[in-house]
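Below is the structure I would like to discuss, written out as C-alpha cells.
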Amino acid sequence: MQASPNNPQAHSTEHSLKLYAGWFCPFVQRAWMVLEEKKTPYQYIEVNPYHKPTSLLSLNPRGLVPTLAYNNQPLYESTVLCEFLEDAFPEHTPSLRPADPYVRARARIWTDFVGSRIIPAYHRFLQYQPTRDGAEGLSKAREEFLGHLKEWTRAMDPVGPWFLGGDFSLVDVALAPWAVRMFVFDVFKGGLGIPEEGKGGEDEEVWARWRKWSRAVEERKSVRETMSEREHYLPIYQRYADDVAQSEMAKASRAGRGVP
Ligand SMILES: N[C@@H](CCC(=O)N[C@@H](CS)C(=O)NCC(=O)O)C(=O)O
C-alpha cells in the first residue's frame, strides 16, 4: 500500500502525542480531524494496518488504526480518541462538545448510531454481491442504508448546518469520513440513491437537510486537510466492492457482525 498521498511531510516532527494512522482510513480521519480542528500539535506516523508493524502492535494488540501514543501511553478506538483529545486539551479551542449535559448526551446517542447502524449498513451495501445476495439484495441494502441516514438526519437541528446547529461537534466528526466516501456507491454499486434536489417526494425535507449538512462537511477545512484525491481510494474500495477485502471490518461485515 502506498504512503499517504496527502502531504506526508506535514506533522513529521517528533512529538509526545503520536497518531498512528493510515491515510485512507475513515476511523483515522475522525481523530485526525479533531487534531486539526483544535490545532493540537501532534506527530503523524503512517503505518500499514494490514501488515502490522511491531511499533503498532506493541501499542495496540488489535493492530488497528487509529492508535494514539500520549507520552508513550497507548490509546485506541476512534470515538474514544476524539473524546480523549477534548478531555486532555481543554485549552485547545474550539471545544467540539456542547457544554449542556443533555445536548452532549444526545450527541453521544447519534454518534453511537453512526457506529452501530450507519457504518455496518454502509458495508453491507458496499460489499453486496449479486451472486450471493440476489438481484433484489442491492436495493434492499441501499434502502437499509438510506433509511439509517434519514433517521440520523431527522435527529439534526432543523436549521443547521451542523448536526447540533451552528457549532461543529463530535457527532459531525463521527459521520463525516463516510459522508465524503459515499462516491464509492456511484462508482461501484450503480448509485447511492439519494434523490436530487426537488426530487425527494415525501422525503424531500429530510434529504434537503442532509444535502445542507453534507455540503458543509465537504467544505470543512479539517475534512479537506485529511483527505486524499478520490483516485487514490478507488483500488482500496474496489476490494470491498468485490467483497475480497480481508480487513477486520470486511470480515465482520461478511459474518453479519458490527464494527470491529
Ligand atoms: N473500531 C475501530 C475500527 C478501526 C479500524 O477498523 N481501522 C482499520 C483501518 S480503516 C484497520 O486498522 N484495519 C486493520 C485490519 O483490519 O486488520 C475504531 O473506531 O478505531
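Just so you know, ligand 1 is whichever comes first in the structure, and atom 1 is the first atom listed for that ligand.
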Note to self: Which residue and atom name correspond to the protein heavy atom nearest atom 11 (C) of ligand 1, and how close is it?
What the structure shows: Leu64 CD2, 3.6 Å

Notebook entry, point to check: Got a salt bridge between Asp203 and Arg154, using NZ or NE/NH1/NH2 to carboxylate O under 4.0 Å?
Noted result: yes

Next item on the list: Salt-bridge test for Lys221 and Glu36: reply yes if a basic N is under 4.0 Å from a carboxylate O, no otherwise.
Entry: no

Next item on the list: Taking only heavy atoms of Tyr50 into account, list the atoms of ligand 1 that are under 4.0 Å away from them.
Entry: 9 (C), 13 (N), 14 (C), 15 (C), 16 (O)

Notebook entry, point to check: Which is closest to atom 18 (C) of ligand 1 by heavy-atom distance: Gly22, Gly115, Ser78?
Noted result: Ser78

Note to self: Tell me the contacting part of Tyr76 for ligand 1: side chain, backbone, both, or neither, using a 4.0 Å heavy-atom threshold, strictly below.
What the structure shows: neither

Note to self: Test of understanding: with salt bridge (Lys or Arg N to Asp or Glu O under 4.0 Å), list the residues that count as partners of Glu151, not counting sequence neighbours.
What the structure shows: none

Note to self: How far is atom 9 (C) of ligand 1 from the closest protein heavy atom, and which atom is that?
What the structure shows: Cys25 SG, 3.3 Å

Check: Does Glu219 pair with Arg224 as a salt bridge, N-O distance under 4.0 Å?
Finding: no

Item checked: Per-atom contacts of ligand 1 with Pro66, taking only distances under 4.0 Å to non-hydrogen atoms -> 20 (O)

Next item on the list: Number the atoms of ligand 1 from 1 as they appear, then name those within less than 4.0 Å of a heavy atom of Pro260, with their elements.
Entry: 1 (N), 2 (C), 3 (C)

Notebook entry, point to check: Which residue from Arg62, Lys251, Glu77, Lys52 reaches closest to atom 15 (C) of ligand 1 through any of its heavy atoms?
Noted result: Lys52

Item checked: Which of the ligand 1 atoms, numbered from 1, are nearer than 4.0 Å to a heavy atom of Ser247 -> 16 (O)

Next item on the list: In plain terms, say whether Arg104 and Glu86 are close enough for a salt bridge, that is, a side-chain N and a carboxylate O under 4.0 Å apart.
Entry: no

Checklist line | Cluster link Leu64 to Leu59, ILVMFWY, side chain under 4.5 Å | finding: no

Notebook entry, point to check: Using 4.0 Å as the upper bound for N to carboxylate O, is an ion pair formed by Arg62 and Glu77?
Noted result: yes

Check: If you count the atoms of ligand 1 from 1 in the order shown, which ones are under 4.0 Å from a heavy atom of Glu248?
Finding: 15 (C), 16 (O), 17 (O)

Item checked: Winner among Val47, Val65, Leu56 once heavy atoms are compared against atom 4 (C) of ligand 1 -> Val65

Next item on the list: Would you check if the distance from the ring center of Tyr76 to the ring center of Tyr20 is below 6.0 Å?
Entry: no

